[in-house]
Amino acid sequence: MEPSGGGISVNSSETGAAVILLAVALSMVMLALLATAASLTHSVQQPHVNQEQQDYLAAVRTRIGAYYYENAWALSQGTTFPLSGNALLTDSDVISRYNIQICASGENFLGTYQIPYFNIWLWVPPAGGGSDATCSGGTFTPNNVTNYTEYSGATAQTELLKASEEQVDEVGNDLVAAFAAMQQSGGVHNANIDYFKPGNCDGNNGGGMLSCAENWTNASAMGLKNMIGAGTIFHRNAWGQELQMVNTNPIANDQTIPFTIYIRSPLPGGQYIENEYAEPLG
């Protein structure tokens, strides 16, 4: 039926379809805008998050390094690393963040003395998928992981070895200097007296203030304080283990000049720093 008054007819179904199409178009535009905004936000935030994770991993590595240094002897007593990742974080006073993962290598050996150590890898799993790192047979493969770092126990063991070598040398050189001073005391230089050992020790030619050590004897039992004024700092090496000494045959020479004393320092893995110190001549 034609509407009265000659007005324009309106098809309600066409109007409804147009409204729906307009709504769909607006929704698509909004979705596109939201996707663009999300992409821009991610591109801005991702470098910031990466930097935070890298800074965190670096801080954790430092704390683990400090813990390893303080506990290197205990950590070196087996062929496998003795702590789980969580236990290592706890003992290193680290709060776990970013789902941090930890893996330790198998036993490695350092230098001439074959001092054992372990490598420790730290990483954050990749965001948004991708292949996580793998650690199998003591070998670390990062795959799609970009935020990772490594601490090597060789760092601590190298520093501890250097400190222990220096300590042995310091004790030995102090004993040699004390020997020289005792030789010259009273203005009489008797070359036949061994000041590295006391009297009535493997013969009667001793004249010093150390204890008689016919076998390897702990430094704490040698009376170092009597001869060089040394306190307990000279009794133990950098790993906290007792230095040991011998001042008689057959290891040291206590029968003919130059008289000697031996000092050794136990190392992780079972070997020793072992040095001989001789009386000064001339």
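These numbers come from the heavy atoms of this one structure, side chains and all, not from hydrogens, waters or symmetry mates. These numbers were taken from a predicted model, which means no experiment stands behind them.
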K.L.:
Counting C-beta onward and ignoring hydrogens, is there a side-chain heavy-atom pair between P116 and E107 closer than 4.5 Å?
P.N.:
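Of all side-chain heavy-atom pairs linking E107 with P116, at least one is under 4.5 Å.
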K.L.:
Taking the six-membered ring for Trp, is the centroid-to-centroid distance between Y195 and F179 below 6.0 Å?
P.N.:
yes
K.L.:
When clusters are formed by joining ILVMFWY residues with side-chain heavy atoms under 4.5 Å apart, either directly or through shared neighbours, do V168 and Y262 land in the same one?
P.N.:
no
K.L.:
Please list all pairs passing the disulfide (SG to SG under 2.5 Å) test where one or both residues lie in residues 104-162, with sequence neighbours left out.
P.N.:
C103-C135
K.L.:
Between N205 (side chain) and D254 (backbone), is there a donor-acceptor pair under 3.5 Å?
P.N.:
yes
K.L.:
Scan side-chain atoms only and decide if S164 and Q241 contain a donor-acceptor pair under the 3.5 Å cut-off.
P.N.:
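Not at all, the side chains of S164 and Q241 share no donor-acceptor pair under 3.5 Å.
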K.L.:
Verify whether one side chain among T149 and R61 offers a donor that lies under 3.5 Å from an acceptor in the other.
P.N.:
yes
K.L.:
Indicate if Y272 and L160 have the same hydrophobic cluster label, given that clusters are the connected sets of ILVMFWY residues with side-chain heavy-atom separations under 4.5 angstrom.
P.N.:
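The answer is no; the residues belong to distinct hydrophobic clusters.
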K.L.:
Would you say that F196 contacts V176 through its side chain, given a criterion of any heavy-atom pair below 4.5 Å between the two side chains?
P.N.:
yes
K.L.:
Are the side chains of N247 and D194 in contact, using a 4.5 Å heavy-atom criterion?
P.N.:
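The answer is no; the side chains never approach within 4.5 Å.
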K.L.:
Do N147 and Y56 have a side chain donor and acceptor closer than 3.5 Å?
P.N.:
no
K.L.:
Quick check for you: to the nearest 0.5 Å, what is the distance between L243 atom CG and L224 atom CG?
P.N.:
8.5 Å
K.L.:
Could you walk me through whether Q255 and N253 satisfy the side-chain hydrogen bond (donor to acceptor under 3.5 Å, both in side chains) test, starting with their C-alpha distance in whole Å, then the side-chain angles of each, then the deciding distance to 0.1 Å, before giving a yes or no?
P.N.:
CA-CA 6 Å; Q255 298 301 311; N253 173 33; over 6 Å; no
K.L.:
Answer with yes or no whether the side chains of T248 and D202 bring together a donor and an acceptor at under 3.5 Å.
P.N.:
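On atom types as modelled, these side chains do not qualify, holding no pair under 3.5 Å.
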K.L.:
Within a strict 4.5 Å, meaning less than it, do heavy atoms of the I257 and E279 side chains meet?
P.N.:
yes
K.L.:
Under the side-chain hydrogen bond (donor to acceptor under 3.5 Å, both in side chains) criterion, do S220 and E242 qualify, and how do the steps go?
P.N.:
CA-CA 8 Å; S220 58; E242 283 256 22; 2.7 Å; yes
K.L.:
Taking the side chain as C-beta and beyond, is there a heavy-atom pair between M182 and M209 under 4.5 Å?
P.N.:
yes
K.L.:
Any donor-acceptor pair under 3.5 Å linking the side chain of N71 with the backbone of Y67?
P.N.:
yes
K.L.:
Taking atom types as modelled, find out whether N50 and Q54 have a side-chain donor-acceptor pair closer than 3.5 angstrom.
P.N.:
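Result is no, nothing qualifies.
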K.L.:
Taking atom CG of N143 as the centre, does the number of heavy atoms from other residues, nucleotides or ligands within less than 6.0 Å exceed 12?
P.N.:
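Counting other residues, nucleotides and ligands, CG of N143 exceeds 12 neighbours.
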K.L.:
So does A278 get a backbone contact from the side chain of T260, meaning a donor-acceptor N/O pair under 3.5 Å?
P.N.:
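Not confirmed, T260 side chain does not pair with A278 backbone.
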K.L.:
At what distance, to the nearest 0.5 angstrom, does CG of N119 lie from OG1 of T139?
P.N.:
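Rounded to the nearest 0.5 Å, the CG-OG1 separation comes out at 10.0 Å.
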K.L.:
Determine whether T155 and Y117 satisfy the following criterion, side-chain contact (heavy atoms from CB on, under 4.5 Å), listing intermediate values before the conclusion.
P.N.:
CA-CA 9 Å; T155 300; Y117 71 91; over 6 Å; no
K.L.:
Can you tell me if E274 and W216 form a side-chain donor-acceptor pair at under 3.5 Å?
P.N.:
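Not at all, the side chains of E274 and W216 share no donor-acceptor pair under 3.5 Å.
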K.L.:
Between F118 and F81, is a ring-ring contact (aromatic ring centres under 6.0 Å, His included) present by the stated rule, with each step listed?
P.N.:
CA-CA 7 Å; F118 299 93; F81 192 72; 5.5 Å; yes
K.L.:
Listed by chain and number, what are the ring-ring contact (aromatic ring centres under 6.0 Å, His included) partners of F140, not counting sequence neighbours?
P.N.:
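Only W121, W123, Y148 meet the ring-ring contact (aromatic ring centres under 6.0 Å, His included) criterion with F140.
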K.L.:
Before giving the answer on side-chain contact (heavy atoms from CB on, under 4.5 Å), spell out for I100 and Q53 the whole-Å C-alpha distance, their side-chain angles and the decisive distance to 0.1 Å.
P.N.:
CA-CA 9 Å; I100 185 174; Q53 292 179 354; over 6 Å; no
K.L.:
What is the distance from atom CG of L88 to atom CD1 of I120, rounded to the nearest 0.5 Å?
P.N.:
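Reported value, rounded in 0.5 Å steps: 5.0 Å.
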K.L.:
Give the intermediate values and the outcome of side-chain contact (heavy atoms from CB on, under 4.5 Å) for residues R63 and D93.
P.N.:
CA-CA 7 Å; R63 290 202 174 191; D93 197 24; 3.7 Å; yes
K.L.:
Would one find more than 12 heavy atoms of other residues, nucleotides or ligands at under 6.0 Å from atom CG of D55?
P.N.:
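Atom CG in D55 is crowded, with more than 12 foreign heavy atoms closer than 6.0 Å.
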K.L.:
With no hydrogens and no angle check, do the side chains of Q157 and Y69 hold a donor and an acceptor under 3.5 Å apart?
P.N.:
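Not at all, the side chains of Q157 and Y69 share no donor-acceptor pair under 3.5 Å.
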K.L.:
Would you indicate whether the side-chain heavy atoms of V171 and I263 approach each other to under 4.5 Å?
P.N.:
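Contact flag for I263/V171 side chains = yes.
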K.L.:
What do the steps show when you test V145 against V124 for side-chain contact (heavy atoms from CB on, under 4.5 Å), and what is the final call?
P.N.:
CA-CA 7 Å; V145 170; V124 174; over 6 Å; no
K.L.:
With no hydrogens and no angle check, is any side-chain donor or acceptor of N237 less than 3.5 Å from a backbone partner on G240?
P.N.:
yes
